[in-house]
Amino acid sequence: MNTTKQLSCEYLSPNKTIEELLVFNDHSERVFYIYNYKETSFWLFSSRDQLDGFFNNTATEKHYFQTESELDHYLLKSA
């Protein structure tokens, strides 16, 4: 099982954030970027470039979650 640690949180507006999250276990670690839109939509990216591409409509990789619970479940299983 993985552990998560928030590295940073940038507020774009009161209800839109970008979080940098470290996901790790005994064998590996990865950094993810999460765009949180009004606590109702969550997009997950494996690099800052992919996140930037999302805002420029050029992202080739993204994972979408409708709830924070779905996102947490995914993160606790991947790394």
Side-chain angles (χ1 to χ4, degrees):
M1 174 104 27
N2 295 327
T3 303
T4 62
K5 178 181 179 184
Q6 186 181 55
L7 301 176
S8 67
C9 183
E10 175 184 348
Y11 285 83
L12 305 178
S13 71
N15 56 7
K16 297 176 189 173
T17 62
I18 295 173
E19 298 176 51
E20 183 178 11
L21 194 68
L22 176 65
V23 178
F24 61 96
N25 58 38
D26 292 339
H27 308 289
S28 66
E29 65 181 37
R30 291 180 64 187
V31 173
F32 291 98
Y33 297 87
I34 301 163
Y35 173 55
N36 175 347
Y37 179 77
K38 298 184 178 182
E39 296 289 324
T40 60
S41 299
F42 303 86
W43 284 271
L44 177 70
F45 305 91
S46 61
S47 72
R48 185 68 193 211
D49 287 341
Q50 288 295 320
L51 172 65
D52 293 343
F54 173 75
F55 291 107
N56 296 322
N57 293 319
T58 61
T60 57
E61 174 196 345
K62 59 187 170 197
H63 299 279
Y64 173 75
F65 303 92
Q66 291 182 339
T67 67
E68 191 168 9
S69 178
E70 290 175 353
L71 172 62
D72 290 344
H73 184 291
Y74 179 84
L75 291 171
L76 292 176
K77 302 258 181 201
S78 68

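Computed from a prediction, not measured in an experiment: that's the story for all the values here.
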For Thr60, all residues meeting side-chain hydrogen bond (donor to acceptor under 3.5 Å, both in side chains), sequence neighbours excluded:
Gln50

Here the side-chain hydrogen bond (donor to acceptor under 3.5 Å, both in side chains) pairs for residues 34-47, sequence neighbours left out, are Asn36-Glu39, Ser41-Tyr64, Ser46-Glu61

Rounded distance (nearest 0.5 Å) linking atom CG of Asn2 with atom NE2 of His27
10.5 Å

What's the spacing between Leu51 CG and Ile18 CD1 if we round to 0.5 Å?
4.5 Å

Show, in sequence, the C-alpha distance, side-chain angles and deciding distance for Leu21 and Leu44, and conclude whether the side-chain contact (heavy atoms from CB on, under 4.5 Å) test is met.
CA-CA 10 Å; Leu21 194 68; Leu44 177 70; over 6 Å; no

I would like to know whether Glu29 and Val23 meet side-chain contact (heavy atoms from CB on, under 4.5 Å); could you show each step before the answer?
CA-CA 6 Å; Glu29 65 181 37; Val23 178; over 6 Å; no

Between the main-chain N or O of Thr58 and the side-chain N or O of Asn56, is there a donor-acceptor pair closer than 3.5 Å?
no

Which of Phe32, Phe54, Phe55, Tyr33 passes ring pair (Phe, Tyr, Trp, His ring centres under 6.0 Å) with Phe45? Answer is Phe54

Those residues that, when tested against His73, pass ring pair (Phe, Tyr, Trp, His ring centres under 6.0 Å) (two or more places apart)
none

Looking at residues at least two apart in the chain, or sitting in another chain, which of them share a side chain to side chain contact (heavy atoms under 4.5 Å, CB included) with Thr3?
Phe24

With Asp49, which residues qualify under salt bridge (Lys or Arg N to Asp or Glu O under 4.0 Å), at least two apart?
none

Which side-chain N or O atoms in residues 7-14 pair as donor and acceptor under 3.5 Å with protein atoms at least two apart or in another chain?
{"residue": "Ser8", "atom": "OG", "partner": "Glu20", "partner atom": "OE1", "Å": "3.2"}
{"residue": "Ser13", "atom": "OG", "partner": "Asn15", "partner atom": "OD1", "Å": "3.0"}

How is the hydrophobic cluster of Leu76 composed, in terms of its other members, when Ile, Leu, Val, Met, Phe, Trp and Tyr link through side-chain heavy atoms under 4.5 Å apart, directly or indirectly?
Met1

